[in-house]
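Single-structure report; data block below.
Heavy atoms only: backbone and side chains are in, while hydrogens, waters and symmetry mates are out.
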Amino acid sequence: MATVRTRYAPSPTGHLHIGGARTALFSYLLAKKHGGQFIVRIEDTDTERNIEGAADKQMAMLKWLGIEWDESVDVGGPYGPYRCMERMDIYKKYVDQLLAEGKAYYSYSTPEEREKERQEQLARGETPKYSGWDRDLTPEQRAKFEAEGRVPSVRFKVPEGKTLVFDDAIRGRVVFESDDIGDFVIMRPDGRPTYNFAVVVDDALMKITHVIRGEEHLSNTPKQLLIYEALGFEVPEFAHVPLILNAEGKKMSKRDETIIQFIDQYKELGYLPEAIVNFIALLGWAPEGEEEIFSLQELTQIFSLERVSKAPAVFDTGKLKWMNGQYIKKAPLERVAALAFPYLEKAGCIESPLSPERKEWVTRVVSLYQEQLEEISQIVELSDLFFQEEMIYSDEAKEVLAGEQVPGVLQAFLKQLKEVRELDADQVKAMFKQVQKETGCKGKQLFMPIRAAVTGVVHGPDLRETIALLGAETVTARVQSLIDNYEVLLENKR
RNA sequence: GGCCCGUUGGUGAAGCGGUAAACACACCAGCCUUUCACGCUGGCAUGCAGGGGUUCGAAUCCCCUACGGGUCACCA
């Protein structure tokens, strides 16, 4: 087989979408698996919808995910330019060729005329399809239209009675009839090509061997097949990947509010790129064994189109979260902490340039929660007992604090606190022992009141670590304050 | 509506003519733990959309029906 060359061809009309990212990933994986090249080409022919900077942002997100390209607008390559709007002369050349060969024609219909035709067909119960009434205009007729000021587009002459067949790498043999396809526009009046034309010319010229794209393009394929043939280009292999559905089983629409679907948003929530890559690889594709945690590197080894499903994939956010948690657990603490800082900062928990000591302290706080984080942003809520100024006691905590033995325990603990200056986990342990000895309380009777008094809640990470990190001053203040306000706080609990 | 595509437990998802129909998420229970979380162990569901075929044998092949989806643009 010739070198495998694949491409991802986004239009710069928005953010990088989950579906787009997956298509890009599959394309990347296939190319890399076979030692080939992955190309990113920008389909910017819809100039009305293009958004300034969107292409750059999408590419930045791809890079963030670890999907790197061999050829594109930024790094160049032997088959550039890689932005459609910079390839105008190329399209023109091929359109002219088709025109000269009688395989395409200037079409003078107006939008109003087309709409009227469409309505009439619909009224007759027919499938709307361009009639091709202006296929064979005489030079006089054309001159007349030109004189009226009509600027023609160029349409492709779809041959009659032709069966179009191709073997999709995922869906197998797919058959269409040319009679179901009307003459379609390949070049707009202003010279910009349409997608179905540009994509063929570009893929052929860029020597793309495998076209991987979403299933919504399946029915575009026969049109493209026609163009490949008319231009004498070699037809690449096609692979139409299944759609991605939301939890309701509907296609993810860009306006769908029920699901987060742009890569940027996941990045902002504190998802790790490895987790996203791993997860979207599993959208429509399944590995052979039972393992399902894979690095990008591993994926390039084991990915194959044969194992891509035909059925639509449902985007299961719960599983994504779980997977992200898996990666957070495995990540080095420093990395998790570095990712957590911005969230804590935004929440007002920490100041901006962190002093080295403070940074170390916050890192230790993060370490207490690393194993249970599924989204880095959760750190704010989880760790708030470390940053809270005023204590708020949960109902459960109040109940614990209402216990008979509590005042004694707290007094004993406070006494211990006054004797130390620096706290570490071992020391806290020793203090607990001492309190136990003095009060005779142990186990939950001992630990729960202290936890409740110090953190305000009855659940949380290791108590010794928590107290050590909180520091003697804060812990003392909290316990003292609780003792001072004990009756008020618990009046409705007794 | 025409043309295409799909349909496996609560969810995701293996399976490609002969399995007790994987596995994962979720959930439940036990263990671990001063609590929570993590982790481990076990359980769970009683699922191959329905109906016809083909076959000794069908989730796997064929047909029909139902349901879901995609597409029919001077958008990609």
Side-chain angles (χ1 to χ4, degrees), chain A residues 9-13 20 43-46 48-49 84 107 109-111 114 118 121-122 125-130 151-155 168 170-172 174-177 179-182 184-190 192-196 198-199 213-223 240 242-243 245 247 249-251 279 282-293 306-307 309-323 325 329 368-373 382 396 400 432 442-452 455 457-464 466:
Chain A
S11 63
T13 52
E43 303 263 354
D44 56 354
T45 54
D46 185 358
E48 292 89 50
R49 294 203 308 168
C84 293
S107 175
S109 66
T110 63
R114 289 193 300 267
R118 219 180 84 88
Q121 288 169 335
L122 247 24
E126 293 170 15
T127 305
K129 174 181 144 183
Y130 191 72
V151 185
S153 59
V154 178
R155 280 182 190 268
D168 189 276
I170 294 168
R171 329 197 84 84
V174 184
V175 181
F176 292 89
E177 297 298 330
D179 290 349
D180 296 327
I181 306 169
F184 55 93
V185 172
I186 56 177
M187 187 168 275
R188 302 171 169 101
D190 65 1
R192 282 148 52 224
T194 58
Y195 168 73
N196 281 123
V199 76
R213 66 202 352 177
E215 191 194 312
E216 69 269 24
H217 285 290
L218 194 60
S219 43
N220 277 326
T221 311
K223 290 179 186 168
H240 289 92
L243 295 172
L245 273 29
K250 302 274 190 223
K251 185 192 180 189
F279 183 74
L282 262 20
L283 287 175
W285 171 84
E288 239 170 279
E290 291 175 4
E291 182 60 42
E292 56 182 7
I293 300 289
E306 289 72 54
R307 297 193 61 84
S309 167
K310 288 190 258 207
V314 176
F315 192 86
D316 181 356
T317 49
K319 184 119 178 213
L320 203 211
K321 269 193 174 186
W322 168 80
M323 190 165 276
K329 270 190 271 297
L368 294 182
Y369 300 98
Q370 176 171 5
E371 64 183 11
Q372 63 179 293
L373 287 175
L382 285 169
E396 282 177 303
V400 166
F432 286 164
K442 59 179 180 179
K444 288 187 188 180
Q445 295 295 301
L446 170 66
F447 298 111
M448 290 310 279
I450 296 179
R451 176 181 289 284
T455 70
V457 289
V458 295
H459 307 303
D462 184 82
L463 189 54
R464 288 167 303 200
T466 301

Write down the partner of B:rG1 under the Watson-Crick or G-U wobble criteria, each distance required to be under 3.5 Å.
->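 Check on B:rG1: paired to B:rC72, both distances under 3.5 Å.
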Check every atom of [options] against the side chain of [X] and return the nucleotide holding the closest atom.
| X | options | result |
| --- | --- | --- |
| A:Ser11 | B:rA22, B:rU71, B:rA76 | B:rA76 |
| A:Ala311 | B:rG69, B:rU7, B:rU71 | B:rU7 |
| A:Tyr195 | B:rG12, B:rA76, B:rG2 | B:rA76 |

Between B:rA59 and B:rA20 - C1' atom distance, rounded Å =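 That atom pair is separated by 15 Å.
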Any N or O donor-acceptor pair linking the side chain of A:Asp316 to the base of B:rA26 at under 3.5 Å?
->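 Donor-acceptor pair under 3.5 Å: no.
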Given RNA chain B, 5'-ward residue of the pair A:Phe432 and A:Asp44, judged by closest heavy atom =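 Its nucleotide being nearer the 5' end, the pick is A:Phe432.
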Is a side-chain N or O of A:Lys310 found less than 3.5 angstrom from the main chain of A:Gly172, in a donor-acceptor match?
->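 No, A:Lys310 side chain to A:Gly172 backbone: no donor-acceptor pair under 3.5 Å.
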Considering every strand and a 4.0 Å limit on heavy-atom distances, what is the contact class for [X]: base, sugar-phosphate, or nothing?
| X | result |
| --- | --- |
| A:Pro287 | nothing |
| A:Leu243 | sugar-phosphate |
| A:Asn220 | base |
| A:Pro242 | nothing |

Indicate whether the side chain of A:Ser107 and that of A:Tyr130 have a donor and an acceptor atom separated by less than 3.5 Å.
->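 A donor-acceptor contact under 3.5 Å links the two side chains.
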Between A:Arg192 and A:Thr45, is any side-chain donor less than 3.5 angstrom from a side-chain acceptor?
->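 Side-chain D/A pair, A:Arg192 to A:Thr45: absent.
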Are OP1 or OP2 of [N] and a side-chain N or O of [X] less than 4.0 angstrom apart?
| X | N | answer |
| --- | --- | --- |
| A:Lys310 | B:rG6 | yes |
| A:Arg307 | B:rG15 | yes |
| A:Arg114 | B:rA73 | no |
| A:Thr127 | B:rC3 | no |

Report the C-alpha separation of A:Leu368 and A:Thr466 in whole Å, then their side-chain angles, then the decisive distance to 0.1 Å, and conclude whether the side chain to side chain contact (heavy atoms under 4.5 Å, CB included) test is met.
-> CA-CA 8 Å; A:Leu368 294 182; A:Thr466 301; 4.2 Å; yes
